[in-house]
Amino acid sequence: METEDMQSAQAAAPVAGMPVQANSPQPQVGQRPEKAVSIPSGTVILAATPIGNTADASARLVALLEHADIVAAEDTRRLYNLANRLGVHVGGKVIAYHDHNERNKADGLLDQVAEGASVLVVSDAGMPTINDPGLAIVRRAIERGIPVTCAPGPSAVLDALALSGLPTDRFCYEGFVPRKHAERMQRLHMLRAERRTIVFYETLHRIVETMDDLLVAFGPDRPMALCRELTKDYEEIRRGSIAEIHQGVIGNLPRGEIVLVIGGADDETAAQESPDVLSIDTLAALAAERSQSQGIRVKDAIAKVVAEHPLPDGSLASRKEVYAAVLALRDSE
């Protein structure tokens with residue numbers, strides 16, 4: 001049951017769709033004044049909340065908390081706790097919107113959006129839908145043609161990736177490491193040939209077991225980073241090989257929220273783990289045979305063969321290289 005404090009709202013709410021001014025100190029001489037924040041009516045708004053440091057909350061988040069018609073929160077108690085720390089009075093109706101009820105509540109919320117309401121979706125920390133509720137309402141909104149937008153902000157995945165020192169041009173996010181040993185080892189073995197940087201979430205209670213399995217699955221020399229308590233006072237980034245991080249975890253157990261960032265496989269490892277990867281020459285031979293047997297253009301045959309044989313990381317071989325190999329094959333005949 002909601003308390004009177006939870007039921008209280010702003011005495012003067014803005015007109016839907018009009019810009020509002022987020023609560024903030026008056027600008028000092030020489031400083032630029034804060035710009036008004038627009039609250040879109042008839043829209044679902046996904047908003048990122050701080051992952052540890054309250055000061056990371058944006059003026060846009062503050063304004064949305066104050067003036068959105070409905071706030072769908074993963075945990076209403078945590079929402080009000082955040083609002084209190086920000087000095088914000090949540091002005092709209094607050095409902096619990098979590099993993100166990102989001103599918104059932106999505107259409108009811110969207111019915112109100114269709115009538116012009118602004119619905120703010122927030123999780124306990126970080127961006128909704130990233131290992132948190134929100135995906136159901138986004139999918140239904142898209143199906144129903146209802147506008148959806150984001151108020152971006154803190155992200156443990158991106159923070160850890162940026163601080164790891166590992167390549168960031170290509171990465172894959174794998175969510176939480178599977179809880180059960182057998183499932184965990186299966187997932188890790190599937191990723192041994194992955195060339196992209198890999199990001200996992202893990203909990204304090206399973207970090208030792210997970211580091212044991214990482215050592216077995218990826219070997220001792222793969223580079224990685226263990227990031228904990230990101231943006232908080234006790235933020236710590238441990239960088240090194242898997243063997244070094246493993247030993248460090250045993251000697252000094254990390255506390256708090258943990259993100260693991262693991263370097264991708266090098267060319268030699270990827271080749272060893274993917275013996276069935278076809279060479280450019282083999283793809284060229286298959287394309288030449290396909291072109292002749294099916295009576296289609298060589299370029300069309302190459303496109304089909306390349307699409308049918310993706311590389312371990314999901315990318316495709318270069319069609320230009322395969323075409324050059326087909327021409328070389330013809331010249332050698």
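- Side-chain atoms of Arg77 and Asn81 form no donor-acceptor pair, as typed in the model, at a separation below 3.5 Å.
- Heavy-atom neighbours of Glu257 CD from other residues, nucleotides or ligands within 6.0 Å: at or below the threshold of 12.
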Show the atom names and distances, to 0.1 Å, of all donor-acceptor pairs under 3.5 Å that link a side chain in residues 201-209 to residues at least two apart or in another chain.
| unit_1 | atom_1 | unit_2 | atom_2 | d |
| --- | --- | --- | --- | --- |
| Glu202 | OE1 | Arg206 | NH2 | 3.4 |
| Glu202 | OE2 | Thr210 | OG1 | 2.5 |

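- Distance alone, capped at 3.5 Å, is enough to place a donor-acceptor pair between the Asn101 side chain and the Ala96 backbone.
- The number of heavy-atom neighbours closer than 6.0 Å to CZ of Arg144, taken from other residues, nucleotides and ligands shown, is above 12.
- Between Asp221 and Ile242 the shortest side-chain heavy-atom distance does not fall below 4.5 Å.
- Counting heavy-atom neighbours within 6.0 Å of Arg85 CZ, excluding the residue itself, gives a total above 12.
- By the neighbour-count criterion of 12 heavy atoms within 6.0 Å, atom CG of Asp99 is densely surrounded, having more than that number from other residues, nucleotides or ligands.
- Put simply, the side chain of His98 gets close to the backbone of His100: a donor and an acceptor are under 3.5 Å apart.
- To the nearest 0.5 Å, the span separating CD1 on Ile262 from CE on Met224 amounts to 5.0 Å.
- Val90 places none of its side-chain heavy atoms less than 4.5 Å from the side chain of Glu66.
- A donor-acceptor distance shorter than 3.5 angstrom exists from the side chain of Ser293 to the backbone of Glu289, with no hydrogens or angles considered.
- Using modelled atom types, no side-chain atom of Glu236 and backbone atom of Cys227 make a donor-acceptor pair closer than 3.5 Å.
- Between Leu226 and Ile258, some side-chain heavy-atom pair lies under the 4.5 Å cut-off.
- Between Arg187 and Glu174, at least one side-chain N (NZ, or NE/NH1/NH2) sits under 4.0 Å from a carboxylate O, which counts as a salt bridge.
- Side-chain atoms of Arg228 never come within 3.5 Å of backbone atoms of Gly256 as a donor-acceptor pair (strictly under, hydrogens ignored).
- Side chain of Thr43 to main chain of Ser41: a donor-acceptor pair is present (N/O by atom type, distance under 3.5 Å, no hydrogens or angles).
- Contact annotation: the side chain of Ile45 never approaches that of Cys150 to less than 4.5 Å [non-hydrogen atoms, C-beta and beyond].
- Both Val261 and Ile51 are part of a single hydrophobic cluster, where members link through side-chain heavy atoms under 4.5 Å apart.
- Crowding of Lys232 atom NZ: a count of heavy atoms from other residues, nucleotides or ligands under 6.0 Å exceeding 12.
- Under the 3.5 Å distance criterion, the side-chain polar atoms of Glu244 are matched with a main-chain donor or acceptor of Ser241.
- Under the 3.5 Å distance criterion, the side-chain polar atoms of Gln294 are left unmatched by any main-chain donor or acceptor of Ile296.
- Within a 6.0 Å sphere centred on CE of Met185, other residues, nucleotides and ligands contribute more than 12 heavy atoms.
- Considering only heavy atoms from C-beta on, Val298 stays 4.5 Å or farther from Arg290 through its side chain.
- A donor-acceptor contact shorter than 3.5 Å is absent between the side chain of Arg196 and the backbone of Cys172.
- In this structure, a donor-acceptor pair under 3.5 Å is present between the side chains of His246 and Asp212.
- Considering only heavy atoms from C-beta on, Arg238 comes within 4.5 Å of Asn252 through its side chain.
- Surrounding CD of Gln186 are at most 12 heavy atoms belonging to other residues, nucleotides or ligands under 6.0 Å away.
- A salt bridge links Asp267 with Arg195; the closest basic N to acidic carboxylate O contact falls under 4.0 Å.
- Annotation: Arg239, atom CZ; neighbour count of heavy atoms from other residues, nucleotides and ligands within 6.0 Å is above 12.
- Within the 4.5 Å cutoff, the side chain of Phe218 has no heavy atoms near those of the Asp213 side chain.
- Atom CD of Glu229 and atom CG of Asn53 lie 12.0 Å apart (nearest 0.5 Å).
- No donor-acceptor distance shorter than 3.5 angstrom exists from the side chain of Ser291 to the backbone of Ala288, with no hydrogens or angles considered.
- Side-chain contact between Val119 and Asp69 is absent, with no heavy atoms from C-beta onward closer than 4.5 Å.
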